[in-house]
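Encoded as structure tokens, the structure appears first; notes follow it.
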Amino acid sequence: QKEVEQDPGPLSVPEGAIVSLNCTYSNSAFQYFMWYRQYSRKGPELLMYTYSSGNKEDGRFTAQVDKSSKYISLFIRDSQPSDSATYLCAMSAVRETSGSRLTFGEGTQLTVNP
Amino acid sequence: DGGITQSPKYLFRKEGQNVTLSCEQNLNHDAMYWYRQDPGQGLRLIYYSQIVNDFQKGDIAEGYSVSREKKESFPLTVTSAQKNPTAFYLCASRRRAGSNIQYFGAGTRLSVL
């Protein structure tokens, strides 16, 4: 079983829709949670970064972490065609030891249709 | 502009050939990473380095080698021992202290001729 599970999609929504992307994980030591956006044939770029449980909002994007359920989410409000990309969740247990390795989900491919 | 530069963007390897992928960063980051991305498998860690002249194997190091002679540079060699090298290779870097965030280059797509 993978440490991080993410539905690969593809997910297709109309412009303006609210998008919900999710990851579940099994390692209770994970404390740092990230969402990256990756456009086709490009490197991932950081969207959101959260520590422990709670919510974080940045513009149209909201990240939620529920450590008790080992579940994280990314919500995109008023989705735009420019949001069409693959979204990767990533997690890390500690900062300095073991190189602060990130464990990634498989990525969810999102298409927002005009 | 500060960032991570990977070159070349596309690379072709012949059977039995070693090829080297370049990764350079001017962010003054201490740690650097190499990942391999395949469809349906997400990003898998090949090697990482937290400091110059030191590096550790990741989850799929077999058939790959790295060096870290300079803080700015972390080249990856795909050796002939890597029997399935076709993939998208991503280099990342991180400040050593204070953050787990990794920043990525634009990637190199390697194909076998």
Side-chain angles (χ1 to χ4, degrees), chain A residues 1-10 21-25 27 29-52 56 58 63 65 72 85-109, chain B residues 3-7 9-10 21 23 25 27 29-51 54-61 66 68 74 87-111:
Chain A
Q1 186 184 1
K2 294 178 182 178
E3 268 192 301
V4 178
E5 299 277 359
Q6 182 176 9
D7 185 343
L21 304 168
N22 311 294
C23 288
T24 58
Y25 61 94
N27 187 346
F30 286 147
Q31 299 178 58
Y32 302 90
F33 304 92
M34 283 149 264
W35 286 95
Y36 286 86
R37 177 175 62 196
Q38 185 178 22
Y39 291 113
S40 182
R41 301 180 183 273
K42 303 290 185 184
E45 57 178 325
L46 182 72
L47 267 182
M48 300 289 282
Y49 175 74
T50 54
Y51 169 71
S52 194
K56 185 174 183 179
D58 184 2
V65 174
I72 70 169
T86 296
Y87 290 81
L88 299 157
C89 64
M91 317 183 181
S92 178
V94 293
R95 282 192 174 185
E96 295 302 328
T97 61
S98 302
S100 294
R101 295 176 50 158
L102 295 181
T103 302
F104 286 85
E106 185 178 329
T108 300
Q109 185 180 341
Chain B
I4 301 171
T5 301
Q6 290 188 242
S7 62
K9 192 169 183 178
Y10 300 97
L21 285 61
C23 179
Q25 55 98 358
L27 300 167
H29 286 176
D30 293 286
M32 298 185 74
Y33 305 79
W34 274 106
Y35 293 91
R36 171 179 171 142
Q37 188 174 31
D38 296 277
Q41 298 204 48
L43 273 67
R44 293 183 291 166
L45 183 64
I46 304 172
Y47 269 98
Y48 66 98
S49 168
Q50 297 194 82
I51 198 167
D54 185 55
F55 49 83
Q56 286 79 40
K57 293 182 179 180
D59 300 319
I60 56 165
V66 294
R68 187 86 187 276
F74 192 40
F88 191 48
Y89 290 87
L90 288 160
C91 177
S93 71
R94 179 184 66 85
R95 283 185 298 141
R96 187 170 187 191
S99 173
N100 283 34
I101 298 171
Q102 293 181 21
Y103 298 90
F104 286 85
T108 292
R109 186 163 298 277
L110 176 62
S111 302

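We name chains A, B, ... by the order of the sequence lines, and we start the count at 1 in each one. Predicted model only: the values in this text are computed from it and were never measured.
- The parts of B:Ile101 that come within reach of chain A are both its backbone and its side chain, each placing non-hydrogen atoms under 4.5 angstrom from that chain.
- In this structure the side chain of A:Gln31 never reaches within 4.5 angstrom of the side chain of B:Asn100, judged on heavy atoms.
- Residues forming a side chain to side chain donor-acceptor pair (under 3.5 Å) with B:Gln6 (at least two apart in sequence, or on another chain): none.
- Considering OH of A:Tyr36 and CZ of B:Phe104, their distance stands at 5.0 Å, rounded to 0.5 Å.
- Taking every heavy atom of both residues into account, B:Tyr48 and A:Arg101 meet most closely at CE2-CD, 4.1 Å.
- Looking at A:Pro8, neither its backbone nor its side chain comes within 4.5 Å of chain B, counting heavy atoms on both sides.
- When all heavy atoms of A:Leu102 and B:Gln102 are compared, the closest pair comes out as CG-NE2, 3.5 Å.
- Here the straight-line distance linking atom CG of B:Leu90 with atom NZ of A:Lys42 works out to 12.0 Å at 0.5 Å rounding.
- With chain B as the partner, the residue from A:Glu45, A:Arg41, A:Gln6 showing the most heavy-atom pairs under 4.5 Å is A:Arg41.
- Proximity to chain A is absent for every atom of B:Gln56, based on heavy atoms less than 4.5 angstrom apart.
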